[in-house]
2 protein chains.
Amino acid sequence: MTRPVCTRFHAAIELIGARWTGAILRAVFTDAHRYHEIKAAVPGVSDTMLAQRLRAMEADGLLTRQVDTGTPVRVEYHLTEMGRDLAPVIDAVVAWSHRWIPIPAGGDPD
Amino acid sequence: MTRPVCTRFHAAIELIGARWTGAILRAVFTDAHRYHEIKAAVPGVSDTMLAQRLRAMEADGLLTRQVDTGTPVRVEYHLTEMGRDLAPVIDAVVAWSHRWIPIPAGGDPD
DNA sequence: CTGTATCCAGACTGATACTG
DNA sequence: CAGTATCAGTCTGGATACAG
């Protein structure tokens with residue numbers, strides 16, 4: 001009989017695959033560390049969602065939030081080791097997407 | 001300035017990361033091809049969701065649906081080349097999950 | 001066996017306005 | 001700059017019953 005899917009795999013894919021999380025992850029990987037940078041890098045995300053997702057990802061241990069109190073306030077998000085370790089996953093998805101997802105009209109920044 | 005996230009990557013991660021899709025993919029990869037096998041391999045999924053996700057994945061070109069009219073009806077789901085090509089992604093997620101997701105109580109079938 | 005139809009509570013999302 | 005509060009609309013997901 002077919003074995004149930006590994007619960008750890010399940011947990012992981014639901015974690016990484018949660019709406020926006022993948023795109024945010026990729027943004028932080030590619031040097032977007034400030035709130036407005038991440039927002040700019042993830043077209044279509046609203047403040048509500050971005051803030052919520054960042055909090056969730058922080059709670060999940062994927063990234064850290066460093067607040068630099070001052071004027072203006074600066075907040076930086078960085079990957080934890082757990083988050084950085086997702087690099088192979090990101091790379092695999094990028095490779096797959098480049099093979100199977102058609103290039104959108106107007107080209108793609110990559 | 002930070003570049004926008006690759007739209008193809010975004011599309012891919014939202015495709016693969018959609019609720020249940022990852023687990024279903026993993027199930028089909030590990031030889032669950034019939035509806036009831038997949039359902040058994042993905043604990044917690046309802047008929048509604050499973051049917052909906054299978055249709056969506058078929059529409060997305062990730063898998064094929066072969067109906068064998070008879071009594072009882074048999075339906076088999078198989079990966080397309082596009083779906084099979086996700087193997088490295090699945091493997092990367094499995095590797096990551098085994099490193100970072102704690103083993104649930106009672107052990108894990110893997 | 002392999003689903004579909006319907007209902008409905010609750011989760012999710014986005015716009016707007018506002019705060020420190 | 002980096003969010004939060006609020007609110008309303010949309011979508012999700014499961015239970016149940018039913019169909020081919």
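We name chains A, B, ... by the order of the sequence lines, and we start the count at 1 in each one.
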(request) Could you walk me through whether Val28(A) and Ile38(A) pass the side chain to side chain contact (heavy atoms under 4.5 Å, CB included) test, one step at a time? (result) CA-CA 7 Å; Val28(A) 180; Ile38(A) 298 173; 4.0 Å; yes
(request) Would you grab the first and last nucleotide of DNA chain D (5' to 3') that comes under 4.0 Å of any non-hydrogen atom in chain B? (result) dG13(D) to dG20(D)
(message) I'd like to know if the side chain of Asp85(B) pairs up with that of Trp96(A) as donor and acceptor (distance under 3.5 Å, no hydrogens or angles considered).
(response) no
(request) Respond yes when some side-chain nitrogen or oxygen of Arg34(B) is under 4.0 Å from OP1 or OP2 of dT2(C), and no when none is. (result) yes
(request) List the steps, then state whether side chain to side chain contact (heavy atoms under 4.5 Å, CB included) holds for His98(B) with Arg8(A). (result) CA-CA 7 Å; His98(B) 282 197; Arg8(A) 286 191 285 174; 3.8 Å; yes
(request) Measure the distance from CG on Asp68(B) to C1' on dT2(C) and round it to the nearest whole Å. (result) 12 Å
(request) To the nearest Å, give me how far apart NZ (Lys39(B)) and C1' (dG3(C)) are. (result) 10 Å
(request) Name the residue closer to the 5' end of DNA chain D, choosing between Leu54(A) and Val73(B) according to the nucleotide with the nearest heavy atom. (result) Leu54(A)
(request) Let me know which of Arg65(A), Gln66(A), Arg34(A) forms a side chain to side chain donor-acceptor pair (under 3.5 Å) with Tyr77(A). (result) Arg65(A)
(request) Among Val94(A), Ile13(A), Val93(A), find the residue that satisfies the side chain to side chain contact (heavy atoms under 4.5 Å, CB included) test when tested with Val89(B). (result) Val93(A)
(message) Under the side chain to side chain contact (heavy atoms under 4.5 Å, CB included) test against Leu63(B), which residue among Met57(B), His78(B), Met82(B), Arg84(B) passes?
(response) Met57(B)
(request) Could you tell me the separation between the OH atom of Tyr77(B) and the P atom of dT2(C), rounded to a whole number of Å? (result) 8 Å
(request) In plain terms, say whether Glu76(B) and Arg74(B) are close enough for a salt bridge, that is, a side-chain N and a carboxylate O under 4.0 Å apart. (result) yes
(message) Less than 4.0 angstrom between a side-chain N/O of Arg55(B) and OP1 or OP2 of dT4(C), yes or no?
(response) yes
(message) Regarding Glu58(A) and Arg53(A), does a basic nitrogen lie under 4.0 Å from an acidic carboxylate oxygen?
(response) no
Between protein and nucleotides 8-19 of chain C, what N or O pairs are separated by less than 3.5 Å?
residue: dA15(C); atom: N6; partner: Thr48(A); partner atom: OG1; Å: 3.1

